[in-house]
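Working notes for the structure below.
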Amino acid sequence: SRREIIQKTDVLIIDEISMLHDYRLDLVDDVCRAVRESAEPFGGLQVILCGDFFQLPPINRPNEREGGFVVNSFVWDELDPVVCYLDEQHRQDSGEFLEILNAMRAGDVRRSHAETLMERQYAELGYGMDVTELHTVNVDVDRLNTAKLAELESESRVFTAVTTGSAQYLETLRRSCLAQEELELKVGALVMCIRNSQDKKYVNGSLGTVVGFDEGSKWPEVRLHSGKTVVVGPDTWELRDGSTLRASLAQIPLRLAWAITVHKSQGMTLDAARIDLRRAFVEGMGYVALSRVRSLDALSLTGINQMALKVSPEALRIDSDLRAASSRAMAAYATD
């Protein structure tokens with residue numbers, strides 16, 4: 001059962017911690033304490049929180065409870081976590097682009113930085129293949145993907161998800177995965193893998209082009225940008241309550257990828273991207289979008305607004321506190 005899992009677990013890892021509401025972390029804490037019958041934070045579980053507060057904050061939707069960063073939770077101070085600040089950069093090499101990203105993180109974007117970015121407006125990328133566009137709102141993404149697919153004259157194939165479970169559990173499952181109820185594909189469609197394949201042929205975020213459909217299975221054949229061609233069969237997403245299966249959804253783990261939202265891009269590395277930040281509406285959105293690519297040469301800007309260059313003032317304060325806490329922890333462990 002789920003209760004037994006919580007009782008027997010030693011370590012709880014939560015990734016992309018910037019996107020988790022403070023009250024949700026408190027809810028997890030409450031459940032762990034109750035199930036494990038312990039007054040310690042998280043019932044004595046070791047907790048590892050990973051993330052970057054300069055990236056996207058928790059989403060507050062209309063008619064739902066509002067919340068902020070997890071550092072504002074009741075359990076944060078009681079937990080008093082040991083902070084390990086990771087400052088090595090592996091996506092972008094040192095240079096002008098990294099300087100701009102670091103300036104954004106410091107809340108110190110200069111005119112020269114903005115001018116350098118504007119030089120990439122409508123820049124030609126010359127990659128010889130379709131490039132993913134990042135947009136800030138879903139309506140722009142859906143419109144572009146639909147239009148691009150309609151331009152292809154090849155035959156359309158529609159793959160319908162197979163589901164089990166009650167409507168309530170299915171709705172929860174649908175919100176937690178990127179799989180679509182109906183996936184329409186054509187030869188020539190730019191697609192993105194939305195799951196790591198069990199046989200390691202592709203990973204979540206891999207881009208490719210549909211080049212055909214397997215004669216036997218009818219599943220799409222995708223030539224990945226790495227040059228490898230793979231047949232992508234259905235995968236299954238499950239919602240379990242302990243050992244009890246509450247809902248499942250089986251679908252081809254692909255999405256059209258001429259455009260994706262900035263929110264869905266968080267965590268991805270893109271070979272190249274066209275980015276439209278004219279409608280950026282929250283701090284951190286521009287930083288997430290721009291930092292998906294490795295260099296300025298891989299970036300083409302459709303437009304940018306002032307919000308796109310901003311990071312959250314609260315994130316700046318949190319970052320300062322975390323750096324100080326990390327320094328104290330390094331000094332303490334160095335003397336142990």
Side-chain angles (χ1 to χ4, degrees), residues 15-19 50-57 69 85-127 129-137 140-141 205 207 225 257 259-324 326-327:
D15 196 11
E16 298 292 3
I17 196 63
S18 76
M19 300 177 81
C50 312
D52 180 359
F53 290 101
F54 286 118
Q55 298 200 31
L56 293 167
F69 289 125
Y85 197 104
L86 305 177
D87 54 15
E88 287 187 19
Q89 173 60 245
H90 294 279
R91 181 175 289 136
Q92 290 88 20
D93 294 330
S94 59
E96 196 173 22
F97 189 42
L98 184 56
E99 180 185 319
I100 293 171
L101 295 176
N102 286 337
M104 293 178 72
R105 291 178 69 91
D108 187 29
V109 177
R110 307 291 178 87
R111 180 173 179 173
S112 60
H113 298 137
E115 288 174 347
T116 299
L117 286 175
M118 292 310 296
E119 289 173 3
R120 300 305 300 172
Q121 194 161 19
Y122 300 109
E124 290 294 328
L125 294 172
Y127 276 71
M129 60 182 72
D130 283 322
V131 171
T132 297
E133 294 191 13
L134 299 186
H135 291 264
T136 54
V137 290
D140 292 337
V141 166
L207 291 172
H225 281 187
I260 59 174
T261 61
V262 174
H263 273 88
K264 288 188 174 69
S265 77
Q266 182 155 316
M268 293 179 180
T269 298
L270 299 175
D271 293 328
R274 291 190 182 90
I275 301 178
D276 186 352
L277 292 171
R278 290 173 294 183
R279 298 167 72 180
F281 57 87
V282 67
E283 292 134 335
M285 183 167 274
Y287 176 75
V288 169
L290 295 171
S291 60
R292 294 314 89 201
V293 298
R294 300 181 189 276
S295 67
L296 281 171
D297 292 341
L299 168 67
S300 179
L301 272 179
T302 307
I304 193 167
N305 65 10
Q306 285 189 325
M307 176 62 78
L309 295 175
K310 294 179 180 178
V311 292
S312 161
E314 187 179 7
L316 284 167
R317 178 185 59 78
I318 294 169
D319 187 68
S320 177
D321 292 344
L322 293 178
R323 284 180 181 271
S326 181
S327 295

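Position 1 is the first residue of the sequence, and the numbers go up from there.
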Item to complete: Check whether the side chains of Arg279 and Thr136 place a donor and an acceptor atom closer than 3.5 Å, and report yes or no.
Response: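 Note: Arg279 and Thr136 side chains miss the donor-acceptor criterion.
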Considering all heavy atoms, the nearest [X]-[Y] contact:
| X | Y | answer |
| --- | --- | --- |
| Arg91 | Thr269 | NE-OG1, 2.8 Å |
| Thr132 | Ala257 | OG1-O, 3.0 Å |
| Met19 | Leu56 | CG-O, 3.2 Å |
| Phe69 | Ile318 | CD1-CD1, 3.6 Å |
| Leu277 | Ala308 | CB-CB, 3.8 Å |
| Ile260 | Ser265 | CD1-CB, 3.8 Å |

Spell out, as yes or no, whether a donor-acceptor pair under 3.5 Å connects the side chain of [X] to the backbone of [Y].
| X | Y | value |
| --- | --- | --- |
| Asp276 | His135 | no |
| Ser312 | Glu283 | no |
| Arg105 | Phe54 | no |
| Gln92 | Phe97 | no |
| Tyr122 | Leu301 | no |

Item to complete: Please determine which of Asp319, Leu322, Val311, Leu316 meets the side-chain contact (heavy atoms from CB on, under 4.5 Å) test together with Phe53.
Response: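 Checked Asp319, Leu322, Val311, Leu316 against Phe53; only one passes side-chain contact (heavy atoms from CB on, under 4.5 Å): Leu322.
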Considering residues, nucleotides and ligands other than [X], do more than 12 of their heavy atoms fall under 6.0 Å from its [atom1]?
| X | atom1 | answer |
| --- | --- | --- |
| Gln121 | CD | yes |
| Glu96 | CD | no |
| Arg110 | CZ | no |

Within this structure, what is the [atom1]-[atom2] distance for the pair [X] and [Y], rounded to the nearest 0.5 Å?
| X | Y | atom1 | atom2 | value |
| --- | --- | --- | --- | --- |
| Leu125 | Leu299 | CG | CG | 7.5 Å |
| Ser300 | Arg120 | OG | CZ | 7.0 Å |
| Arg292 | Met268 | CZ | CE | 9.0 Å |
| Asp52 | Gln266 | CG | CD | 8.0 Å |
| Thr116 | Leu296 | OG1 | CG | 7.0 Å |
| Asn102 | Ser291 | CG | OG | 11.0 Å |

Discussion item. According to side chain to side chain donor-acceptor pair (under 3.5 Å), who are the partners of Ser326, at least two apart in sequence or on a separate chain?
Written reply: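 None.
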Worksheet item: Are any of the side-chain heavy atoms of Met104 and Leu290 separated by less than 4.5 Å?
Response: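 SC-SC contact between Met104 and Leu290 confirmed.
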Item to complete: Evaluate the side-chain proximity of Leu207 to Leu270: yes if any heavy-atom separation is below 4.5 Å, no if none is.
Response: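 In contact.
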Worksheet item: Under 30°, 30 to 60°, or over 60°: which ring-plane class applies to His263 and Phe281, parallel, tilted or perpendicular?
Response: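 The rings of His263 and Phe281 lie parallel, inter-plane angle below 30°.
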Worksheet item: Does the distance from a Lys or Arg side-chain N to an Asp or Glu carboxylate O, for Asp87 and Arg323, drop under 4.0 Å?
Response: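 Salt bridge between Asp87 and Arg323, a charged N being under 4.0 Å from a carboxylate O: no.
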